[in-house]
2 protein chains.
Amino acid sequence: MRKPTDTREKLLETAIALIWQSSYASVGVAEICKQAGVTKGSFYHYFTSKAELFYEACQHHWQVKKKELDAIYSPSFTPLQQLENLIRFVIDQQESEAVDENPVSGCPFFTAGAQSGCSELKVRQAAQEMSDNAVTYNVALVRNLKAEGLLNGDPAPQQIGRLLHEFIQGLLVTGRVYRSLELVKQDLREGIYRLVDLKAEYRCQPVADEAPVVAAPLPA
Amino acid sequence: MRKPTDTREKLLETAIALIWQSSYASVGVAEICKQAGVTKGSFYHYFTSKAELFYEACQHHWQVKKKELDAIYSPSFTPLQQLENLIRFVIDQQESEAVDENPVSGCPFFTAGAQSGCSELKVRQAAQEMSDNAVTYNVALVRNLKAEGLLNGDPAPQQIGRLLHEFIQGLLVTGRVYRSLELVKQDLREGIYRLVDLKAEYRCQPVADEAPVVAAPLPA
DNA sequence: CAGTATACATACCGGTTGGTATAGTGCAAG
DNA sequence: CTTGCACTATACCAACCGGTATGTATACTG
C-alpha cells in the first residue's frame, strides 16, 4: 500500500470552490484537476464521473456547513436570535465567497441542480438532498418561534420552512443574475420576516451590526 | 428581393421551446436548427451567436407573455382578483409547459440566466431585463392592493414586488429540482399571501376552481 | 524478494460544441 | 437574359468535453 494522501479531499474542495464561482456545466473535469494539482488519472481513480464527484462534494461540504448551522441554531440563542443568526449567516456566506466577477455566488448545491433540468440525475439528487437538509433546519427554527408564541395564526412549520428555503434560493439566484449583493441585503430580512409573520410586538427589532452570529455551542 | 420567410421567427420559437424544456447549456445550436427545419447557415445569417439568439428569443417571447399579463392585471378585476389571477397564471403556465421528464419548467428566462454564472453576458442581460419586466407588473399589483387599503402596515410596493418575484422564481426552481408541480401548487399561494400581508379580513378567501383567469380586456 | 493492491501520470479516444467558409439557389430589378 | 442580393445548404474547423487505456512508482504483505 501507498501512504494515504489528501488528493481526494483536495478534489472535493476544489470542485466545490470552482463550481460555486461559475456553474456545474461550465467547469470541466480538466480544470478541476488542474486547480487541484492532480491529473485526470487520479480523478477517475477516486470518482466514477463528474456528476458523482459533485454529489460527493456536496455531501462533504454539507458536513462543514452543518456545524455552522448547528452553532447558528444553538439552544443558547432565543428563537428570535436564531432568526437573526440565519439572516446574518446567509449574508456572511455570500460575502465570504464573493469574487470580483460574481459578488453573489448563490447556493452551490442549488444553482447547479437547478440547471440540470433533464440530464444528470446525480446532480439533481444532490440538490434535492441539500434542500431537504436546509429545510429541516428552517423547520426547526419555525417550530421554536411558534413554541414561544411569537407567530401569528397557526402556521404549519413544515410549510413555512419550505417557503423560507424557496425564497432564499430565489433571492440568491436573483442576486446572482444582477450581480448585486446589495439586493440580497435589502430583501433578505424583509422577505423572511414576512414569511414567518412574527407578532407585531416582536417585529423588526433592530439588531446590532456587530452582533456575534456564532456563539460557543452548548456543551452537550 | 425574395419573399420574406418565417425562418427567423421559427428559430426564435424553437429555441424558446427547447431551452424551456431543458436548459440553455444543454441545447445546442445544431439541435435548434434541426428542430426548426433550418440549417446552420441560415442560423448564423440571422443571429451572430447562440447567446444573441437567446436574448432575442426572450424579447420575442416577452411580447407574447406581456399580453397575457395585461389581461391578468386588467382594471376590470379587483386587486384581490388580480392577485388570484397571478397565482393561477403561474400554475397554468407550468401545467401547459409540463413534459414527462420535467413537470416544472420554471421560468425559462431565469433558469437560463441563473446558470450563466460567469460567462455569457448576453444571457444574463436577458434574465435581468425579463426580471425587471416581471417585477414591474408585481409592483403594479401591490400598488393596487395598497391603494384599496387591503395591506397591513405601509409596505414599499417596489420591494414587495421584488420579494414576490424572488419567491416565485425560487419556488419554481425548487419545483424543477424536485420535479414536483405539487410542491409549487402547495406553496405558491401561501408564500404570496404571506409576502403581501393582506389584512386579516381579506385573507385566504376561497377561490372557485373554475374561476376564469383571463377576461376580456377593457376596450381602451 | 516476489506478489499485489493502491496511487498516480501520460496519452489518447470518440463525440460534440459553437462558429465559419463557401458554393449554390431563388427571385426581383435593370 | 443577366446581374445582384437575400437567403440557404454543405462541408468543415479548432477547441473542448467526459471518459478510458495503459504504464509506473510506491509500499505493504507473505
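Keep in mind the model is a prediction, meaning the values are calculated, not measured. Chain A is the first sequence line, chain B the second, and so forth, proteins listed ahead of strands; every chain is numbered from 1.
- A/E97 and A/Q93 share a side-chain donor-acceptor pair at under 3.5 Å.
- Among residues two or more places apart in sequence or in another chain, the side chain to side chain contact (heavy atoms under 4.5 Å, CB included) test is passed with A/T14 by A/K10, A/L18, A/I32, A/Q35, A/A36.
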When you look at A/Y178 and A/V104, which way does the side-chain contact (heavy atoms from CB on, under 4.5 Å) test go after all the steps? CA-CA 9 Å; A/Y178 282 91; A/V104 178; over 6 Å; no
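- Among residue pairs with one or both ends in residues 164-174 of chain A, none qualify as salt bridge (Lys or Arg N to Asp or Glu O under 4.0 Å); sequence neighbours excluded.
- If you measure from atom NZ of B/K34 to atom P of C/dT16, you get 11 Å, rounded to the nearest angstrom.
- Checking the phosphate oxygens (OP1, OP2) of C/dT6, no side-chain nitrogen or oxygen of A/Y46 falls inside 4.0 Å.
- Between B/K122 atom NZ and C/dG18 atom P the separation is 18 Å, expressed in whole Å.
- Residue A/T7 places at least one side-chain N or O closer than 4.0 Å to OP1 or OP2 of C/dC8.
- Taking all atoms of both residues into account, the shortest heavy-atom contact from A/T174 to A/G170 is OG1-O, 2.6 Å.
- In terms of phosphate contacts, B/T39 brings no side-chain nitrogen or oxygen within less than 4.0 Å of OP1 or OP2 of D/dT10.
- Atom pair B/H45:NE2 and C/dT25:C1' shows a separation of 14 Å (rounding to whole Å applied).
- Nearest approach of B/L171 to B/L183, heavy atoms of both residues: CD1-O, 4.3 Å.
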For nucleotides 13-20 of chain D, which of its nitrogen or oxygen atoms have a protein nitrogen or oxygen under 3.5 Å away, and what is each distance?
unit_1	atom_1	unit_2	atom_2	d
D/dG18	OP1	A/K50	NZ	2.9
D/dG18	OP2	A/V29	N	2.9
D/dG18	N7	A/K40	NZ	3.1
D/dG19	OP2	A/Y44	OH	3.0
D/dG19	OP2	A/K50	N	3.0
D/dG19	N7	A/K40	NZ	3.2
D/dG19	O6	A/K40	NZ	2.5

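- In this structure, CZ of B/F47 is placed 15 Å from P of C/dT20, rounded to the nearest angstrom.
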